[in-house]
Amino acid sequence: MDKVSKVEISSAEQAKEVFESRLGEKLTSLVVSPGRINLIGEHTDYNNGFSLPSAINKYIFIGFVDKSSGGEGDSSFKAEIISIDYDESVILTEVKKQDKLWANYVVGIIDRIGQLAGGVKGNYRAIIAGNLGVGMGISSSAALCCGFAFGLNEILHTGISKEDIALVAQWTEHNYVGTKCGLLDQTANVFSQESSLIKVDFLTGEKSYYKVPFEFSIILLHSGQFHSLSESCYNERVKECRAAANLILLAAKKPLSEQVSLRDCSIEDFHKAESLLPENLLKRAKFVIEENARVGLILSKIQEKNYDEIRNIMNATHEGLSKLYEVSTERLDFLASESNKRLELAFGARLMGGGFGGCTINLVFPGKEQEFIDQMSEAFSSRFKEDLLSISVKLSPGVYSIKY
Ligand code: GLA
């Protein structure tokens with residue numbers, strides 16, 4: 001396959017046209033796989049806690065051309081995968097780790113679906129592009145993994161559930177990339193519904209959908225720092241939380257098992273163990289236990305349209321992520337604090353996602369969007385001598401496909 005040149009693709013119609021002209025043949029299906037925001041509930045997913053995410057109207061598009069003979073029992077395998085954004089392609093005839101990160105995500109999905117389906121098979125071409133941006137903190141990797149799994153599941157008639165698609169994507173992050181992430185990004189990608197936030201309980205898997213009863217805009221402001229979770233302290237936080245949960249439960253004389261998490265620790269248990277915990281574990285546990293409580297609290301303040309309280313809760317999360325969880329950066333702190341100086345324009349700002357870069361999420365009053373972006377851009381560029389990238393997003397449905 002010749003190298004392809006980069007095009008920014010932002011709609012399914014455009015994706016179909018660009019993909020078909022690049023491939024020189026018609027698509028069988030097109031997967032539209034969204035990024036996500038998270039209103040609150042950060043670093044709670046791998047602690048069996050709560051979050052409030054949603055998919056957004058920024059996407060990775062994956063076009064599939066199914067070339068299999070369709071014959072029962074055909075167990076041959078050939079896949080050609082093209083990334084427009086990376087201007088690269090791979091041809092696979094077996095499952096083998098790749099040196100290109102984007103291709104490794106795809107191979108991980110092929111591998112895992114093969115394990116679940118009793119063997120890797122299929123003969124297809126897939127072509128990928130989007131407008132999500134890598135390292136922006138809006139989960140391009142989950143969009144790629146869930147989207148690829150979704151499309152492959154259809155082509156191969158594997159019949160795996162939405163829950164399993166999320167788990168296949170998480171498995172790939174763990175085993176092919178090395179990020180020991182929770183299920184936040186994948187859940188938002190797979191389960192989101194139009195204009196709704198999902199309250200996810202990661203212990204039970206329960207999902208409840210909430211519509212915000214007033215108009216507002218979501219503006220993401222990018223720090224200019226492109227984070228990579230696997231290279232960061234993310235996995236260290238996962239380990240610290242597990243260690244903290246064990247120590248807290250030990251002090252509370254509660255049963256221990258492989259599965260314990262900070263969700264099993266009440267605030268009383270935490271206070272009992274406070275003097276026993278090393279400082280880093282104390283800070284991580286305090287943040288997670290408080291953050292879980294904030295998820296329910298913000299939902300009630302949203303119902304009451306209490307903008308001041310929503311702002312206070314978002315501030316508490318940012319403060320906790322910065323001082324207790326220690327995943328913020330100078331730029332993210334600056335963006336959150338500048339947003340808070342503009343009470344008439346915005347009613348909530350905090351760093352979003354894993355941290356160590358990425359963006360802040362800002363809740364902006366309707367009609368004030370441009371003024372907010374202009375003022376924040378001016379403040380950011382006078383401090384960091386760089387342009388500020390802003391992204392307006394809408395709560396959107398989860399991954400879906402169009403069949404041709
Ligand atoms: C990243 C991870 C998620 C979650 C968030 C923090 O996005 O992929 O699983 O832990 O960070 O809330």
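Both ligands and their constituent atoms are indexed starting at 1 by order of listing.
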Please confirm whether Gly41 comes within less than 3.5 Å of ligand 1 when only nitrogen or oxygen atoms on both sides are compared.
-> no
Would you check whether Asp45 has a nitrogen or oxygen atom less than 3.5 angstrom from a nitrogen or oxygen atom of ligand 1?
-> yes
N/O separation below 3.5 Å, Asp185 to ligand 1 = yes
Would you say ligand 1 has an N or O under 3.5 Å from any N or O of Gly354?
-> yes
Ligand 1 atoms in contact with Leu184 (distance to a heavy atom under 4.0 Å) = 4 (C), 5 (C), 12 (O)
Subset of ligand 1 atoms that lie under 4.0 Å from at least one heavy atom of Arg36 = 7 (O)
Does the pair Arg383/Glu378 count as a salt bridge with the N-to-O cut at 4.0 Å?
-> no
Among Arg237, Arg284, Lys286, which one satisfies salt bridge (Lys or Arg N to Asp or Glu O under 4.0 Å) with Glu326?
-> Arg284
Go through ligand 1 atom by atom and flag the ones less than 4.0 Å from a non-hydrogen atom of Cys181.
-> 8 (O), 9 (O)
Ion pair Asp269/Lys254, N-O distance below 4.0 Å = yes
In terms of heavy-atom contacts, Thr187 and Ile198 come closest through O-CD1, 4.2 Å
Residue Gly182 vicinity, atoms of ligand 1 by number, heavy atom under 4.0 Å = 9 (O)
Quick one: does Ser139 get a heavy atom under 4.0 Å from ligand 1?
-> no
Given side chains that start at C-beta, do those of Leu332 and Thr329 come closer than 4.5 Å, heavy atoms only?
-> yes
Atoms of ligand 1 close to Gly353 [distance to a heavy atom under 4.0 angstrom, numbered from 1] = 6 (C), 11 (O)
Heteroatom proximity flag, Thr44 to ligand 1, N/O under 3.5 Å | no
Is the closest heavy-atom distance from Gln170 to ligand 1 below 4.0 Å?
-> no
Arg342/Glu371 salt bridge by N-O under 4.0 Å criterion | no
Can you measure from CD1 (Ile155) to OG (Ser68) and round to the nearest 0.5 angstrom?
-> 7.5 Å
Looking at Arg350 and Glu319, does any basic side-chain N land under 4.0 Å from a carboxylate oxygen?
-> no
Where ligand 1 meets Tyr46 - atom numbers and elements under 4.0 angstrom, heavy-atom basis | 10 (O)
Using the six-membered ring wherever Trp is involved, compare the ring planes of Tyr325 and His43 and label them parallel, tilted or perpendicular (cut-offs 30° and 60°).
-> tilted
Could you say whether the N/O atoms of Tyr234 and ligand 1 ever approach to under 3.5 Å?
-> yes
